[in-house]
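Note that the structure is a prediction, hence the values are computed from the model and not measured.
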Amino acid sequence: MKHVIFKYAWKNVSRRLRITGSLLICVFLSVFSIVLAWGTYDAIDSGIELSKSQLSADVMVYPYEVDISDVSMLYSGITQSVYMDESVLDQLNNNYVEQISSQFYLQTLPTAGCCTATKEMRLVGVDWENDMLLHSYLTDANIDQLEAQEVIVGGNVEIEGKNTLILNMPVKIKGVLRTTGTYLDDSIIMSMDQLRKLSKINFPTNFFDGNNPDTSITCAFVKLKDGISTEKYMESIKDIKAKKVLISSTTQTLQQQVTILFKILLGACMLIFILGILSIFGQVNLLVNSQFKEAGYLKAIGVKRKEIYEIFICQVTMVGISAGIVASVLGIVSARSVVDWIHQYMLLPTSIWSVEYVLVHFCGGAVLTLLISGITVIFLLRKVAKISPQETMANGDV
C-alpha cells in the first residue's frame with residue numbers, strides 16, 4: 001500500500017507543477033536564506049577566532065609612518081616598507097616582558113625578478129631561532145632552521161613548484177604555513193639577514209628613509225608574562241616613539257565590525273525567511289483546495305482518513321526535502337562567494353573552509369528543512385481534516 005500512496009502522491013506533484021513549483025521555491029528560499037546568513041557569519045567568525053587563538057603576542061609595535069590601519073597591518077598582506085631602528089627592542093624589553101620578536105618587511109617586485117606570482121606580496125624577514133609566531137604555524141614541524149636561500153610561504157600564496165625567484169635570487173620553498181587568519185597567510189617568510197641583504201641590492205638607499213637596513217626592523221611583537229596587565233605595560237612604554245597597538249583591541253574592533261555586518265545580512269535573510277514561510281502556507285492552502293474534490297471522492301469510496309493524510313504528507317515531504325537539500329548545498333557554496341565579495345570591501349582574516357564546516361551547515365539546513373516541513377504538515381493536516389464527503393456531494397463535486 002505504501003508504494004501506491006507514494007505513486008499517487010508523485011502523480012499529484014507532477015500534475016500540479018505550478019503549485020508544487022511555487023511551494024518548492026518558497027521552501028528553497030526559506031532554507032537558503034538562513035544557511036547563507038549562518039554560513040557567511042560562521043566562515044568569517046572562524047577566521048577571527050583562529051587568529052585570536054594563534055597570535056601568541058600581546059602588543060604589536062611599528063613606526064608611525066605606516067599608512068594602513070592597525071587591522072590591515074595585522075590581518076592583511078599589504079606591503080609596507082617602513083622602518084625603525086632595532087634599538088627600540090631594548091626600550092620595549094622590561095620586567096613585564098616574556099619574549100620579543102622582530103620582523104623586517106619588504107615587498108616582491110613582480111616585474112623585476114619575482115616570481116611566478118603576478119602581484120606584490122609582503123616579504124617578512126624573521127629571526128628564525130627567536131621568532132615566537134611562526135614555529136607553531138608550520139605544516140611540517142621538522143623545520144628547525146631557515147637557510148639563506150630558503151623561504152616559507154603563507155597558505156594563500158600561490159607559487160608554482162618548489163623553486164622560484166625572490167628579488168632575482170633563486171630560492172627553495174622549504175615549507176608552508178597552516179592557515180593563521182593573519183597577515184602571514186599572504187606573506188613570504190625568509191631569514192631577516194638574507195632579506196636585508198636583498199633589500200640593499202634591489203632598492204636604492206633613499207628607499208629606507210635614512211635608516212640603515214642592517215639595523216632596521218618594521219615591527220616588533222611583545223609577549224607579556226602571565227598575570228601582567230597590558231594597560232600597565234602600555235603605560236611603561238608610552239614614551240617610545242613608535243605606534244603601540246594592543247592586539248586584543250584590534251581583534252575586538254574587527255569583531256564589532258563583523259557583528260554589525262552580520263546583523264544587516266541576518267535582517268535581510270530573516271525577511272526572506274518570513275516571507276517564504278507565509279508563502280508556504282498560501283501554497284499549501286492552494287494545494288489542498290486543488291485536491292479538494294479528489295480527497296472527498298477518496299473518502300466517499302472508503303479510503304481511510306490516515307491514508308489520505310499520508311498522500312498529502314508524502315507530497316509535501318517530496319517537495320520540502322528536494323528544496324531543502326538543494327538550498328543547503330547552494331547556501332554553503334554561496335556563503336563562500338559572499339565572503340569573497342565582502343573581502344573586496346572589508347579587511348577580514350582568512351576564513352576557514354573544511355569538511356566539518358560543510359557537514360555542520362548542511363546538517364543545519366536539513367534540520368531547518370525538517371522543521372519547516374513539520375510546521376507545513378501540521379497546517380496541512382488541519383486543512384485536510386475539514387474535508388468531508390458530505391460537503392463535497394452537497395457542492396455537487398462528487
Side-chain angles (χ1 to χ4, degrees), residues 47-66 68-106 122-138 146 152 154 177-193 195-196 215-238 240-254 347 349-350:
I48 296 176
E49 291 300 320
L50 176 67
S51 65
K52 286 166 64 177
S53 65
Q54 297 281 14
L55 282 170
S56 55
D58 298 295
V59 179
M60 179 172 59
V61 181
Y62 55 85
Y64 284 119
E65 292 79 9
V66 168
I68 59 175
S69 67
D70 301 338
V71 173
S72 297
M73 190 70 175
L74 187 59
Y75 290 109
S76 81
I78 298 174
T79 57
Q80 283 294 297
S81 301
V82 181
Y83 306 98
M84 57 187 177
D85 193 272
E86 64 183 1
S87 60
V88 73
L89 298 177
D90 294 328
Q91 301 174 52
L92 292 170
N93 197 6
N94 57 33
N95 293 331
Y96 302 141
V97 174
E98 179 179 320
Q99 188 178 1
I100 297 179
S101 299
S102 60
Q103 296 181 349
F104 178 88
Y105 293 175
L106 209 58
R122 185 184 291 185
L123 295 173
V124 178
V126 299
D127 178 359
W128 182 250
E129 293 183 359
N130 299 316
D131 195 278
M132 74 176 76
L133 298 175
L134 296 176
H135 291 274
S136 61
Y137 296 157
L138 287 169
L146 200 58
I152 295 171
L177 296 180
R178 295 199 315 269
T179 300
T180 67
T182 70
Y183 68 96
L184 292 171
D185 294 330
D186 299 291
S187 301
I188 299 175
I189 297 96
M190 62 192 308
S191 160
M192 185 185 295
D193 290 338
L195 189 57
R196 283 169 168 172
T215 59
S216 294
I217 59 173
T218 301
C219 70
F221 291 93
V222 181
K223 179 178 177 60
L224 302 179
K225 294 177 180 177
D226 291 340
I228 298 298
S229 164
T230 52
E231 289 77 12
K232 184 183 294 186
Y233 177 70
M234 294 293 277
E235 177 66 23
S236 71
I237 60 171
K238 65 180 182 180
I240 296 177
K241 295 180 179 179
K243 190 166 186 179
K244 286 82 68 177
V245 178
L246 283 176
I247 291 177
S248 59
S249 297
T250 305
T251 304
Q252 186 177 15
T253 298
L254 185 60
L347 183 63
T350 301

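- In this structure, D90 CG and I100 CD1 are separated by 8.0 Å, a value rounded to the nearest 0.5 Å.
- Considering every non-hydrogen atom in both V61 and A242, the closest pair reads CG1-CB, 3.7 Å.
- When atom types are taken as modelled, the side chain of R196 and the backbone of G125 share no donor-acceptor pair closer than 3.5 angstrom.
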Query raised in the report: Does the pair Y62 and I217 meet the rule for a side chain to side chain contact (heavy atoms under 4.5 Å, CB included), with working shown?
Result: CA-CA 9 Å; Y62 55 85; I217 59 173; over 6 Å; no

Quiz: residues 91-98 side-chain donor-acceptor pairs under 3.5 angstrom, not counting sequence neighbours:
residue, atom, partner, partner atom, Å
N94, OD1, Y96, N, 2.9
N94, ND2, S236, OG, 3.1

Requested in this report: Go through the steps to decide whether Y105 and Y83 satisfy the test ring pair (Phe, Tyr, Trp, His ring centres under 6.0 Å), and finish with yes or no.
Outcome: CA-CA 8 Å; Y105 293 175; Y83 306 98; 8.6 Å; no

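- Taking 4.5 Å as the limit, every side-chain heavy atom of T218 sits out of range of all side-chain heavy atoms of Q103.
- Residues D127 and M192 approach most closely at N-CE, 4.1 Å, considering heavy atoms.
- Side chain of K223 to main chain of F221: no donor-acceptor pair is present (N/O by atom type, distance under 3.5 Å, no hydrogens or angles).
- Applying the salt bridge (charged side-chain N to carboxylate O under 4.0 Å, His left out) test to K238 and every residue at least two apart in sequence or in another chain returns E235.
- Proximity of a side-chain donor or acceptor of Y64 to a complementary backbone N or O of K243 within less than 3.5 Å is not detected.
- Atom CG of residue L246 and atom OG1 of residue T230 lie 4.5 Å apart, to the nearest 0.5 angstrom.
- Atom CE of M84 sits about 7.0 Å away from atom CG of L89, to the nearest 0.5 Å.
- I189 contributes atom CD1, which lies 10.5 Å from atom CZ of R122 (distance to the nearest 0.5 angstrom).
- Side-chain contact check for I240 versus V88: some heavy-atom pair is nearer than 4.5 Å.
- Applying the side-chain contact (heavy atoms from CB on, under 4.5 Å) rule to T215 yields the partners D85, E86, N212; only residues at least two apart in sequence or on another chain are considered.
- The CE atom of M234 lies 9.5 Å from the CG atom of L224; values are rounded to the nearest 0.5 Å.
- Note that OG1 of T250 and CE of M60 are 5.5 Å apart. Values are rounded to the nearest 0.5 Å.
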